[in-house]
Structures are given as structure tokens and as C-alpha cells.
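Note that the structure is predicted; figures quoted are calculated from it, not measured. In what follows, chains carry the letters A, B, and so on, assigned in the order in which the sequence lines appear, proteins first and then strands, with residues in each chain numbered from 1.
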Protein chains: 2
Amino acid sequence: MDLQNSASVYQLPTPDQCAAALMDTIHPIMQFMRTEMRSQREASLSVPQFRVLAFLRRHPESSLSEVAEHLGVTRATASTMVDRLVQRGLVDRSADPEERRHVRLQLTQTGSEDLERMRQATRQKIAKLLSDLSPEELGFVSQGLTCLSQVFQDATVSEP
Amino acid sequence: MDLQNSASVYQLPTPDQCAAALMDTIHPIMQFMRTEMRSQREASLSVPQFRVLAFLRRHPESSLSEVAEHLGVTRATASTMVDRLVQRGLVDRSADPEERRHVRLQLTQTGSEDLERMRQATRQKIAKLLSDLSPEELGFVSQGLTCLSQVFQDATVSEP
DNA sequence: CACTAACAGTTAGTTATACTAACTAATTAA
DNA sequence: TTAATTAGTTAGTATAACTAACTGTTAGTG
């Protein structure tokens, strides 16, 4: 088959082997991202904080519950996290006049800028590491990630 | 090229694109693993706890500093974490008679069993998700992970 | 219409992770 | 032998996460 030609001799992996590889590989990647985000001079963010801001960038005017659901945490946790971001001036929290139970969350100017700086800095650091790979290897990474992305999309939410 | 044949029409990605994909994809995966490990009936473990046990499985008789370095945390953090695992009866901590500054850490019987149960349960849950993929897709995942593993191996440790 | 359900958000209290700083004890180097 | 380095612990702080208990707000039902 083409697959074996294009990547030298290569034994097709079982789902179990892939799972094991994933469990081993994911930690150093997380570690790297965490360290990068924490080490930014100004605007150091934790990974969860980054995720809140990134979600609000893609979904402006979100409610707290929407943030909580996306992060996979309780509303209590999201509330506290958002509170810190509001205090740091990165997020604006206001009452929704339509549904007064809801709060409307959106990035402030600062929040938007800090997020973008962080996103680019982290992406570039990772990209620099990845530039050691050959074009073919980059292709594998890209396609592998696409598959994983599909598989894990809504995997966690499913169980009640 | 073979690459384009074997995966239909596919534009080669830049390192930057791969980095962006990685940043997006890694969170749902982590989420899933965290939820799985936390939801085990008996022997619920956090991800960091799991990593400590997994390291001690591969490196018995390790010192605290070795654990700390592998996890990428300070000795203070490692000390506290190990302390909890000792209290839970999963890890045995004893003085090293050779070097009396060191402590010798190793899994207890319970720790070893709990770890193995957790490893297999989590791996199977992930494998089940991955079994939706075609053999070719599994190949991409596997090879992509291999590349990422190489790249991120010692990426974090480097900076002083 | 009133009363109850359900929903959204917050607060309090607890546990775990992680940090720095300050400390003790042990080993190595000057 | 004193000084410096190394290993580990402890104290104090911040963040993240949970459950449980609470206040409002909206929707449903008799």
C-alpha cells in the first residue's frame, strides 16, 4: 500500500497502541504550553485563563454558563475564574437586559490585546519547535491532529 | 508525491498552522483524560498524581528531585504531592542509606495495582474512541504522535 | 393568578497543584 | 575546617476545581 511506501516500513498501529502513545505524548506538550504562557513578561496567563479568553474571542457576549460548559467546569468554577479576569481588567461582565439571569461576558480592549499577544507568542514558540520536522512529517502531524480533533470533539460532554 | 495520493488532495501545512491546530486540539484530549482518571470508582487519581506513579513505575527507587525534574515542578511541589501519595498508601518513602540527603521512592503494592488499573482503563477508553478511525487515519495519528514526541521530548527543560 | 420548577449566578468551604522563600540536614570543595 | 552546594521539608500564597447552599429570575402548571 501507499502508506507503507510513503513512510518507510511501518506496522499499522492498533487503537490501543495509539492510545498509549497519546497518553505519553500529551504531557510534554501541555508542559511546554503551560510554561510558555506562564513565562510571558507582561500578561502571564494560566492555561485555563487563556481558554476563557480564547472562547470569549470566538463567542463574544457569551454567558457564564456557556463559558463553563465549554471549559468543562462547573458554573462555580467559571464564576470565580471570570471574577479574577474581570478584576485584572481583561473581561467585561455586565447584566443582560433581555434575560436578567444571564451575565454578558466579553473581552476588554486589554483582554483582547493580551490574548492575541499570548496566542501568537505561544504559537510561534511551538512553530519553531515544529520547524525541525520535514514537510512530510508536518503532514502527518497535521492529519493526525485533524483525526484526533474529530474524535475528541464532544467526547467528554457525552456522559451525564 | 505519494503523500498527496495517500490522503486525497491535501495542502502541506506550515509549522504555524500545525502549531495552531495543536493548541486547539490538545485541550479536549486533556479534558477527556482528566475526566476519565477522576471518574474511576476506587482509586481516583489526578493527572499529576498519575504521572508521579507512572514515573515511579518506570524508575523505581527514584529520589524526590528526579520526580520533580520529570514532572517539571519544584521540589517543594513534588514533596507535597508525594506526601499525599504516601498518606494514601500508594508510595513508599524511605531514607537512602548511601546518600542520606536522598529519599527513595517506590510504588507500594496498592500503588502499583491502582496505577495499572488506571492505565488500562484510561487507555481502553481512549482506544474505544480511536476505533472510530480507519487504519489509515490511525497511521497518521501514530506517526504524528511519534513526531510530536520527538519534538517536545526535552523542549521545556532547556531554558534556565 | 399564584405557587412551584427549573435555571443562572454567586458565595463559602474544601482539596489539590504550584510557586517562592526560608529553613534543616548532608555532602563536597576551598 | 569553614564555606558552598545539594536534597528535602515547611510555611505562606495564588489558582483551579469541586460540592453545597444560597439569591434572584424565568417558565410551567394547577
Nearest to the side chain of [X], which nucleotide is it out of [options]?
X        : options                : value
B:Ser46  : C:dA16, C:dA21, C:dG9  : C:dA16
A:Arg101 : D:dT10, D:dT25, C:dA25 : D:dT25
A:Val73  : C:dA18, C:dA16, D:dA17 : D:dA17
B:Gln49  : D:dT15, C:dT17, C:dA6  : C:dT17

Find the distance [X]:[atom1] to [N]:[atom2] and express it as a whole number of Å.
X        : N      : atom1 : atom2 : result
A:Leu64  : D:dA17 : CG    : P     : 13 Å
A:Glu69  : C:dA8  : CD    : P     : 10 Å
A:Arg34  : C:dT17 : CZ    : P     : 12 Å
B:Asp96  : C:dA26 : CG    : P     : 13 Å
B:Leu45  : D:dA17 : CG    : C1'   : 16 Å
A:Met37  : D:dA16 : CE    : P     : 13 Å
B:Met30  : D:dA17 : CE    : C1'   : 14 Å
A:His102 : C:dT10 : NE2   : C1'   : 15 Å

Can a side chain N or O of [X] be found less than 4.0 Å away from OP1 or OP2 on [N]?
X       : N      : answer
A:Arg93 : C:dA8  : no
B:Arg84 : C:dA16 : yes
A:Thr77 : D:dC18 : yes
B:Ser65 : D:dG8  : yes
B:Ser79 : D:dT9  : yes
B:Thr74 : C:dA18 : no

Checklist entry - Which part of the nucleic acid, if any, lies within reach of B:Ala76 when heavy atoms closer than 4.0 Å are counted: base, sugar-phosphate only, or nothing? => result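 Counting heavy atoms under 4.0 Å across all strands, the contact made by B:Ala76 includes a base.
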Item to check | Residue met sooner reading DNA chain D from 5', once A:Glu98 and B:Arg104 are mapped to nucleotides | outcome: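 Looking at the nearest nucleotide for each, B:Arg104 comes out on the 5' side.
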Item to check | For D:dT29, the Watson-Crick or wobble counterpart (both distances under 3.5 Å) | outcome: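 Its partner is C:dA2.
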Checklist entry - Would you say B:Thr146's side chain and B:Ser142's backbone share a donor-acceptor pair under 3.5 angstrom? => result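 Indeed, once roles are kept as given, a pair shorter than 3.5 Å links the two residues.
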Checklist entry - Does the B:Ser62 side chain pair with the main chain of B:Val67, one donor and one acceptor, at a distance under 3.5 Å? => result no
Checklist entry - Hey, which of B:Met118, B:Arg119, B:Gln124 is the one that makes side-chain contact (heavy atoms from CB on, under 4.5 Å) with B:Thr122? => result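 It is B:Met118, the one option of B:Met118, B:Arg119, B:Gln124 that forms the side-chain contact (heavy atoms from CB on, under 4.5 Å) with B:Thr122.
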Checklist entry - Do the ring planes of A:Phe55 and A:His70 sit parallel (below 30°), tilted (30 to 60°) or perpendicular (above 60°)? => result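 Parallel: the ring planes of A:Phe55 and A:His70 meet at under 30°.
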Checklist entry - Is there a side-chain contact between B:Arg84 and B:Leu90 (heavy atoms, below 4.5 Å)? => result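 SC-SC contact between B:Arg84 and B:Leu90 ruled out.
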Checklist entry - Taking side chain as C-beta onward, heavy atoms only, is B:Leu45 less than 4.5 Å from B:Arg88? => result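 They are in contact (side-chain heavy atoms under 4.5 Å apart), so the answer is yes.
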Next on the checklist: Would the base of D:dT25 count as contacting A:Arg100 through its side chain, where contact means a donor and an acceptor less than 3.5 Å apart?
Outcome noted: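 Result: no qualifying N/O pair found.
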Item to check | In C:dA5, glycosidic geometry as syn within 90° of 0 or anti otherwise | outcome: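 Here the answer is syn: the torsion falls within 90° of 0.
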